[in-house]
Peer 1: 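The structure under discussion is supplied below as structure tokens; questions concerning it will follow.
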Amino acid sequence: MKQLTGNEIRELFISYFRTQGHMVEPSAPLVPIDDDSLLWINSGVATLKKYFDGRVIPDNPKIVNAQKAIRTNDIENVGFTARHHTFFEMLGNFSIGDYFKEGAIKYAWDFLTNSEWIGFDEDLLYVTIHPEDEDAYDIWRNVIGLSPERIIRIEGNFWDIGEGPCGPNSEIFYDRGPEFEFDTPAEEMYPGGENERYLEIWNLVFSEFNHNKDGSYTPLPKKNIDTGMGLERMASITQEVPTNFDTDLFTPILSRIETVSGRKYGQSEDTDVAFKVISDHIRTVSFAVADGALPSNEGRGYVLRRLIRRAVRFSKELDIERAFMYELADPVAEVMHGFYPNVTERLSFIRDVIRKEEERFLATLDEGIQIYEQVREKAKAGGGVISGHDAFRLYDTYGFPYELTKEYAENDGLEVDEEGFVEEMKQQRERARNARKAGESMQVQSETLAGLTAQSEFTGYHSLRESGRLLYIVQDDQAVDSATEGTVELIFDRTPFYATSGGQVADKGRISNEEAELQVESVYRAPNGQNVHVARIESGTVKSGETFTLDVLKDSRDFITKNHTATHLLHQALKDVLGDHVNQAGSLVEKERLRFDFSHLEGLSDDEIERIETIVNEKIYSNMNVEISEMPIGQAKEKGAMALFGEKYGDVVRVVDIDQYSVELCGGIHVRNTGEIGLFKIVSETGIGAGVRRIEAVTSRYAVNLYKEKEATLASISGRLKVRENQVEKRVDSLLDENRSLQQKIKELQASRQDEKLADVTGDIKEIGGVPVLSKEVPADDAKELRATMDRIKSRAQDAIIALGAVNDGKVSLVVTVPKELTDRFKAGEIMKGMASTVEGKGGGRPDMAQGGGTAPENITNALQFVEDYIKSSQ
Ligand code: ATP
Ligand code: MG
């Protein structure tokens, strides 16, 4: 066995399969593209679904990749097992209807045991198979020559995630020796059991059935191979270290944590768990942010938030008291730079995002403690037990680990319902698993379109009208020779109709010949790359083999192209104004408007929007030429072309160059000169999820229409104000002034009415033992207003002791004054204490003036009565 670094293993794997005729697929971003069913890319096959379910036919049916993956279902294991991460890399080889079980097994065995490649000792390898998979058994036993006791039959070895391809699998295990048995129970001590001795390194999936909608299984027309090997696990074996964390993929991160904390890795089991959790989570978060995800309260963003919180709370084990995670992004970028340069490229943004989130959490940690305190009071009032539900809520919402809740509880002499907590955790895992199962399923292979191989040429870049021969008609998922009614799907040898892609919508238009008339409703791309026209038959019969005229609706196409070029200008203007971190997160280019989603943390200010709009319009006024050319990808990169995130490009790419201002790889249709766009106007800017903003804009005719609407609004306002348009502002200003002074007058009137009422109040003054006393409930919105009322009454009854109360929203406000000359006999503070306690509240103040309040409005009469009693008893 060779001593290999993580990078070397990755390279070796790819070059092995390349020499076996596989094409290399790049590592796709962790945030799935065009796939709402998955939260994260969680395996190598997840990015290749389109090939597996037949939507797209690959150039080469043999594929190899090194794919980054995030698995949050393994989070509870991270730090506690040697082999689980939330972020890891999966090395995989795939066959789309090419080689099957025997090929896959032979490749795997050759790669692992051949001394030119990995060179494992054969005697240390075990495999598991599905109990009924006699083919796999036979290949392992007779083709590879494994002895029967090394082939273990395990019921669970069947890969099935609902509708779509599925089949048995076979896993390969490496025996790390008896010293890794620790105190594992004997019944788990076998390859496939829950132990650290037999390490699962590679899973070979043989998908040979279609799991149909109705739950039945039928053999697949094309059998596929999908495999996944864990890079970090392989590294731990070849580097002969006890866990994945001790490999060169992690040690630079661990040593940075040592520097930050002043603690050493490898000193105690508890602190090691913290080292492992933090080093794992920082990789996940750094990569996810590099790929466009951001912390938030839901979905993907919530996963990042939880990971950062989990890492921060484990940092307490290392006595780290400050934001520090963001500094660890540096070693992550360094270690991975060779294969994943985008982490380095976006490093300062990644650091920023993590630091902000950490600081926020350090602040909410206090919030968590407050929530704990509420929970504690509830438990004290109840049976002295913190419910599993509350412990789970603290854990899940406030990032409060169960252990911490338990520690606090013990301190407070309380217990925690552990069973209840475990049950809640189980339910959450169940929910996650169901969500995953639902999410992972693939569409069922559509054989009809996949079988149509004759090519179709797209001529629409230069023409709007074409005569094309009808190659295929598909109706109700069946290829037919002719059709007379309903909706059909048509493929021609050539077409000017653009199929929906890259955000640009499909063309509209008509298809016709002497015998038939059709209306095109949509156009999409078939697995073999042809443009499929979904069209409604309006009259006649369509027959394959015949020639048709294909007419694209010019008006719609013209405005689409204006909006597409404007989108490119907008993209670059956003970068100019907001910074280079702005990346396209989605776009929609239609006839009437364009929509552009991009990564940015905050909402845009009016000034920023104004500047962006101005830049785009300036580019339009300066009549820039749009040059479109095809060139090798390397050359395009040299030109500085922006490649869209996660988009896959061939060797030769199409480059849209707007006079060097904006250079993008793009397959869409554009104007020849920016002047054609005419005018650009942003309609709205909104947030559509954490860190993703959306701009909607209009151009040309639709921008003019927007201005016309605004003009009409202005005209209608000036009509109603009965002034000329240029006088509108002045008139509005004077109306606002008038309004303000009217409001002032109303206030004054109200006050004087109040005064009149108060004059009545003074009639309620009683003489108690020669002392004038007024004790009364009055209307007042709050304590401030009550004080003002008091001041007014006092000015009319200067020698009286006055106590006022008011009730609002179930709360009582109280105020008392005692004339200076009476304060040696009666103290306002004392009167208030008695009043306030009567309404279950508090109060106090100086001898001549006191304030207070309470929560029992039903006792206000008693509180006011108290004043009179107090004065009587003090005489
Ligand atoms: P395990 O049972 O050990 O959790 P698995 O059966 O979930 O593994 P697969 O889904 O078959 O794993 O994934 C294929 C390979 O990817 C595994 O053989 C392993 O090498 C690696 N792998 C899977 N999950 C993880 C993880 N959480 N961290 C690191 N590597 C992993
Ligand atoms: Mg697993």
Side-chain angles (χ1 to χ4, degrees), residues 6 9-10 13 27 30 38-48 64-94 104 108 111-112 118 120 125-130 152 154-161 166-176 180 184 188 190-207 225-238 241 243-247 249-250 276-277 279-281 283-284 287 303 307 429 432-433 436-437 439-440:
I9 295 169
R10 200 192 292 114
F13 187 87
S27 198
L30 289 161
L38 269 186
L39 206 52
W40 302 101
I41 293 303
N42 58 4
S43 63
V45 73
T47 65
L48 307 176
V64 58
N65 69 7
Q67 177 60 48
K68 43 192 170 173
I70 288 182
R71 281 196 185 178
T72 45
N73 54 318
D74 284 334
I75 188 167
E76 302 302 329
N77 287 325
V78 173
F80 298 93
T81 69
R83 65 182 199 280
H84 285 103
H85 302 296
T86 54
F87 169 88
F88 65 102
E89 285 176 83
M90 219 190 245
L91 306 171
N93 58 293
F94 306 86
F111 178 71
L112 289 177
I118 298 290
F120 280 159
L125 296 175
Y126 290 78
V127 302
T128 60
I129 57 164
H130 187 261
I152 296 123
I154 290 188
E155 194 60 49
N157 276 11
F158 193 90
W159 193 80
D160 187 352
I161 47 170
C166 61
N169 64 335
S170 180
E171 297 177 332
I172 305 176
F173 288 77
Y174 186 88
D175 178 4
R176 313 211 306 154
F180 283 90
T184 310
E188 286 294 330
Y190 63 91
E194 199 41 58
N195 64 70
E196 301 277 11
R197 174 173 176 172
Y198 299 102
L199 180 62
E200 180 197 324
I201 49 176
W202 203 346
N203 187 3
L204 316 179
V205 180
F206 315 126
S207 52
I225 289 295
D226 145 27
T227 86
M229 169 194 271
L231 172 66
E232 297 76 9
R233 295 184 187 184
M234 286 294 285
S236 77
I237 299 172
T238 64
V241 290
T243 78
N244 293 1
F245 297 92
D246 302 289
T247 65
L249 295 165
F250 283 87
K276 290 172 184 168
V277 167
S279 64
D280 172 86
H281 292 5
R283 289 192 347 141
T284 317
F287 269 82
V303 171
L307 288 170
R429 253 181 251 130
R433 209 180 51 234
R436 218 167 51 242
K437 271 191 183 153
E440 278 171 355

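Residues: numbered from 1 along the sequence shown. Both backbone and side-chain heavy atoms feed into the values below; hydrogens, waters and symmetry mates do not. Counting starts at 1 for both ligands and their atoms, in listed order. What you are looking at is a predicted structure, and each value in this text was computed from that prediction instead of being measured.
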Peer 1: Checking the side chain of Thr86 only, and the main-chain atoms of Ile75 only, is there a donor and an acceptor separated by less than 3.5 Å?
Peer 2: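 Side chain of Thr86 to backbone of Ile75: no pair is present.
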Peer 1: Look only at interatomic distance and state if His85 has a nitrogen or oxygen under 3.5 Å from any nitrogen or oxygen of ligand 1.
Peer 2: yes
Peer 1: Would you mind listing which atoms of ligand 1 come within a distance below 4.0 Å of any non-hydrogen atom of Asp74?
Peer 2: 24 (N), 26 (C), 27 (N)
Peer 1: How does Arg83 reach ligand 1, by side chain, by backbone, by both or by neither, if only non-hydrogen atoms under 4.0 Å count?
Peer 2: both
Peer 1: Could you say whether the N/O atoms of Glu232 and ligand 1 ever approach to under 3.5 Å?
Peer 2: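 There is no such contact.
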Peer 1: Just which atoms of ligand 1 are under 4.0 Å from any heavy atom in Ile201?
Peer 2: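 By the 4.0 Å cutoff, the relevant atoms are 18 (O), 20 (O).
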Peer 1: Pull out every atom of ligand 1 sitting under 4.0 Å from any heavy atom of Glu171, numbered as shown with elements.
Peer 2: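 Contacts of ligand 1 toward Glu171, numbered from 1: 6 (O).
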Peer 1: Report yes or no: does Asn42 contribute a side-chain atom to a donor-acceptor pair with the main-chain N or O of Arg71 at less than 3.5 Å?
Peer 2: no
Peer 1: Taking side chain to side chain donor-acceptor pair (under 3.5 Å) as the definition, give me every residue that meets it alongside His85, ordered by chain and number, with sequence neighbours left out.
Peer 2: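 Side chain to side chain donor-acceptor pair (under 3.5 Å) list for His85, sorted by chain: Asn244, Asp280.
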Peer 1: Say whether Thr227 and Trp202, considering side chains only, have a donor N or O and an acceptor N or O under 3.5 Å apart.
Peer 2: yes
Peer 1: Tell me the contacting part of Arg233 for ligand 1: side chain, backbone, both, or neither, using a 4.0 Å heavy-atom threshold, strictly below.
Peer 2: side chain
Peer 1: Verify whether the ring centers belonging to Tyr190 and Tyr198 lie closer than 6.0 Å.
Peer 2: no
Peer 1: Ligand 1 versus Arg71, non-hydrogen atoms closer than 4.0 Å: side chain, backbone, both, neither?
Peer 2: side chain
Peer 1: State whether the shortest distance between N or O atoms of Gly230 and N or O atoms of ligand 1 falls below 3.5 angstrom.
Peer 2: yes
Peer 1: List the steps, then state whether side chain to side chain contact (heavy atoms under 4.5 Å, CB included) holds for His130 with Glu155.
Peer 2: CA-CA 6 Å; His130 187 261; Glu155 194 60 49; 3.9 Å; yes
Peer 1: Could you please spell out the steps behind the side chain to side chain contact (heavy atoms under 4.5 Å, CB included) verdict for Glu196 and Thr184?
Peer 2: CA-CA 8 Å; Glu196 301 277 11; Thr184 310; over 6 Å; no
